[in-house]
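Source: prediction; values computed, not measured.
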Amino acid sequence: MKKKTWFVQVLLLGALMCQTNGAQAAMPFSTEAEPPSEEQEVDEEEHALYIDGQLQTYAGQPIFHEGILYVTAQAAVKALNDKAEIEEGLPYTGSSSPYEYLEQNNDVEEINNRKVVRVNDLQSLGIKAEWLDDPGRLHLETADLLTLDNLQIGDSMDEVNSHYDVHWNTGYGQSADYIGFYGDMHEFTYTDRYGKERSGDVPEIQLEIKDDTLTYIIISSSSYETARGITVGDSLFDVRRAHGSEYVEEKADGKTVYIYHVNGGSLWFIADDDRNVERISLWAFQLEGYER
């Protein structure tokens, strides 16, 4: 687990505002992995592998060989097992193991005495992938982590409106162009800077649009869940079990906040004194120093 001192405010109507300068938001990544340049082939030790935003330190690094991008068989099996945790009916679940399935389909190769699997073979099994430069790193994702129901970070305002009847307010005096509200109101209690407990109503879903792009989604209802099955009311233990042990933990307004950095943004889980999740936020930005 990573920890960093910085400041957030939980505002009454919903936005979590980071008072440091976060990195520029990245758009949701494509399903096609672009291999690194040939100049990077010799710099294998600098290549990092993330699975669902979690840095893989034991599964081995990505391998670029003869113009093809590979991961170790161990990393491939982990990605496939992680996907099987949240999705049924996958072609390899009928085998005794994902490795057996990969072997039976001749997807396991050997490079420098290491068992490896091509990234595009994993993509054919539903694993999303993207290679990023400076520094060289490969993101594998078992699901669209920055999605909620029919919404995805990066959607246009028209795409949002096609799914939900959102009440939009113009973001006067704010960096946002529009702030949107949807659904019933829910009570939210927090502690102000003077240590006094306060409460107010927050919407079921709150949204932000900048430059016709959906930049955050905040939910306060158990009717919605993350791509890995976490919803309002779950415990922070449930969050760690589903999303991993590598996160930033912060305290803000009497709340405990777990922040997970994933490709293209971050997920925030805001919990009460009992460490149960009260709100979940998806953001199109990453904290400075934790970019992936």
Exercise for the section: Check the pair Asp238, Ser235 against side-chain hydrogen bond (donor to acceptor under 3.5 Å, both in side chains), reporting the backbone distance first and the verdict last. Expected result: CA-CA 5 Å; Asp238 296 325; Ser235 69; 3.1 Å; yes

Practice task
Could you give me the CA-CA distance, side-chain angles and deciding distance for Asp177 and Thr170, then say whether side-chain contact (heavy atoms from CB on, under 4.5 Å) is met?
Solution key: CA-CA 6 Å; Asp177 298 325; Thr170 304; over 6 Å; no

Handout entry: Verdict with supporting geometry, Ile259 and Val257, side-chain contact (heavy atoms from CB on, under 4.5 Å)
Key = CA-CA 6 Å; Ile259 304 169; Val257 186; 3.8 Å; yes

Exercise for the section: I would like to know whether Tyr258 and Leu267 meet side-chain contact (heavy atoms from CB on, under 4.5 Å); could you show each step before the answer? Expected result: CA-CA 8 Å; Tyr258 279 12; Leu267 293 87; over 6 Å; no

Problem - Euclidean distance, Asn112 CG relative to Ile63 CD1, rounded to 0.5 Å - result: 7.5 Å

Handout entry: Side-chain touch Tyr92/Leu80, heavy atoms, less than 4.5 angstrom
Key = yes

Practice task
Using atom types as modelled and distance alone, determine if a side-chain donor or acceptor of Asn105 lies under 3.5 Å from a backbone N or O of Leu102.
Solution key: no

Exercise for the section: Please answer whether the main-chain N or O of Val232 pairs with a side-chain N or O of Ser222 as donor and acceptor at a distance below 3.5 Å. Expected result: no

Practice task
Would you name the heavy atoms of Leu49 and Gly60 that are closest together and state the gap between them?
Solution key: CD2-O, 3.8 Å

Handout entry: Val160 backbone acceptor or donor facing Asp155 side chain under 3.5 Å
Key = no

Problem - Between Arg240 and Tyr260, a side-chain donor and acceptor under 3.5 Å - result: no

Practice task
Indicate whether any N or O donor in one side chain lies under 3.5 Å from an N or O acceptor in the other, for Ser266 and Trp268.
Solution key: yes

Problem - Donor-acceptor side-chain pairing of Ser221 and Ser223 below 3.5 angstrom - result: yes

Exercise for the section: Using a strict cut-off of less than 4.0 Å between a Lys/Arg side-chain nitrogen and an Asp/Glu carboxylate oxygen, indicate whether Asp144 and Lys128 qualify as a salt bridge. Expected result: yes

Handout entry: Partner of Tyr70 under side chain to side chain donor-acceptor pair (under 3.5 Å), chosen from His65, Arg114, Glu109
Key = Glu109

Practice task
Please examine the side chains of Val116 and Val108, heavy atoms only from C-beta on, and report whether any two atoms are closer than 4.5 Å.
Solution key: no

Problem - Thr256 and Lys251: side chain donor to acceptor below 3.5 Å - result: yes

Handout entry: Check: Gln56 side chain, Gln54 main-chain N or O, donor-acceptor pair, under 3.5 Å
Key = yes

Handout entry: In one Ile/Leu/Val/Met/Phe/Trp/Tyr side-chain cluster, 4.5 Å: Ile153, Tyr50
Key = no

Practice task
Check whether Val77 and Leu90 end up in the same hydrophobic cluster, where Ile, Leu, Val, Met, Phe, Trp and Tyr are linked by side-chain heavy atoms less than 4.5 Å apart.
Solution key: yes

Fill in the blank from the handout: On a heavy-atom basis, the closest approach of Ala48 and Pro62 is O-CG, 3.6 Å

Problem - Main-chain N/O of Ser220 paired to Glu278 side chain as donor or acceptor, under 3.5 Å - result: no

Problem - Atom pair CD1 (Ile205) and CG (Asp149), whose distance is rounded to the nearest 0.5 Å - result: 7.0 Å

Handout entry: Separation of Asp234 CG from Ile280 CD1 (nearest 0.5 Å)
Key = 7.0 Å

Exercise for the section: Examine distances only and state if a side-chain atom of Arg137 and a backbone atom of Asp133 form a donor-acceptor pair shorter than 3.5 Å. Expected result: yes

Exercise for the section: Give a yes-or-no answer on whether the side chains of His186 and Asp184 include a donor-acceptor pair shorter than 3.5 Å. Expected result: no

Exercise for the section: Run through Glu249, Arg241, Arg275 and flag the one making a side chain to side chain contact (heavy atoms under 4.5 Å, CB included) with Leu236. Expected result: Arg275

Handout entry: Phe269 and His243 aromatic centres sub-6.0 Å
Key = yes

Practice task
Go through the side-chain N and O atoms of Thr215 and Glu208 and say whether any donor and acceptor fall under 3.5 Å apart.
Solution key: yes

Problem - Closest non-hydrogen atom pair, Ser95 against Gln104 - result: OG-OE1, 4.0 Å

Fill in the blank from the handout: The reported gap from CG in Leu145 to CD in Gln152 (rounded to nearest 0.5 angstrom) is 10.0 Å

Problem - Ser97 side-chain N/O to Glu100 backbone N/O, donor-acceptor pair under 3.5 Å - result: yes

Handout entry: All side chain to side chain contact (heavy atoms under 4.5 Å, CB included) counterparts of Asp274, not counting sequence neighbours
Key = Asp272, Asn276

Exercise for the section: Would you name the heavy atoms of Met157 and Ile209 that are closest together and state the gap between them? Expected result: CA-CD1, 4.1 Å

Problem - Separation between CZ of Arg279 and CD1 of Ile270, rounded to the nearest 0.5 Å - result: 6.5 Å

Problem - Validation row: Glu204, Phe181 side chains within 4.5 angstrom (heavy atoms) - result: no

Practice task
Using a 4.5 Å cut-off on heavy atoms from C-beta on, say whether the side chain of Glu246 contacts that of Leu55.
Solution key: yes

Handout entry: Side-chain (Glu159) to main-chain (Ser156) donor-acceptor, under 3.5 angstrom
Key = yes

Fill in the blank from the handout: When every non-hydrogen atom of Leu148 is compared with those of Glu225, the smallest separation belongs to CD1-O, 3.4 Å

Practice task
Just grab all the salt bridge (charged side-chain N to carboxylate O under 4.0 Å, His left out) pairs involving residues 47-63, residues at least two apart or on different chains.
Solution key: Asp52-Arg228

Practice task
Could you grab the distance from atom CD1 of Ile219 to atom OG of Ser281, nearest 0.5 Å is fine?
Solution key: 8.5 Å

Exercise for the section: Return yes if a side-chain donor-acceptor contact under 3.5 Å exists between Tyr99 and Gln74, otherwise no. Expected result: no

Handout entry: Nearest non-hydrogen partners of Ala129 and Leu138, listed with the distance
Key = CB-CD1, 4.5 Å

Problem - Thr226 (side chain) donor-acceptor with Ile230 (main chain) under 3.5 angstrom - result: yes

Exercise for the section: Without swapping roles, check the side chain of Gln286 against the backbone of Val262 for a donor-acceptor pair under 3.5 Å. Expected result: yes

Practice task
Evaluate the side-chain proximity of Arg118 to Leu69: yes if any heavy-atom separation is below 4.5 Å, no if none is.
Solution key: no

Exercise for the section: Starting from the C-alpha separation in whole Å, work towards a yes-or-no answer on side-chain contact (heavy atoms from CB on, under 4.5 Å) for Leu207 and Trp168. Expected result: CA-CA 9 Å; Leu207 311 164; Trp168 296 104; 4.0 Å; yes

Exercise for the section: Go through the side-chain N and O atoms of Glu141 and Asn263 and say whether any donor and acceptor fall under 3.5 Å apart. Expected result: no

Practice task
For the pair Trp283 and Tyr216, name the ring-plane relationship: parallel under 30°, tilted 30 to 60°, perpendicular over 60°.
Solution key: tilted

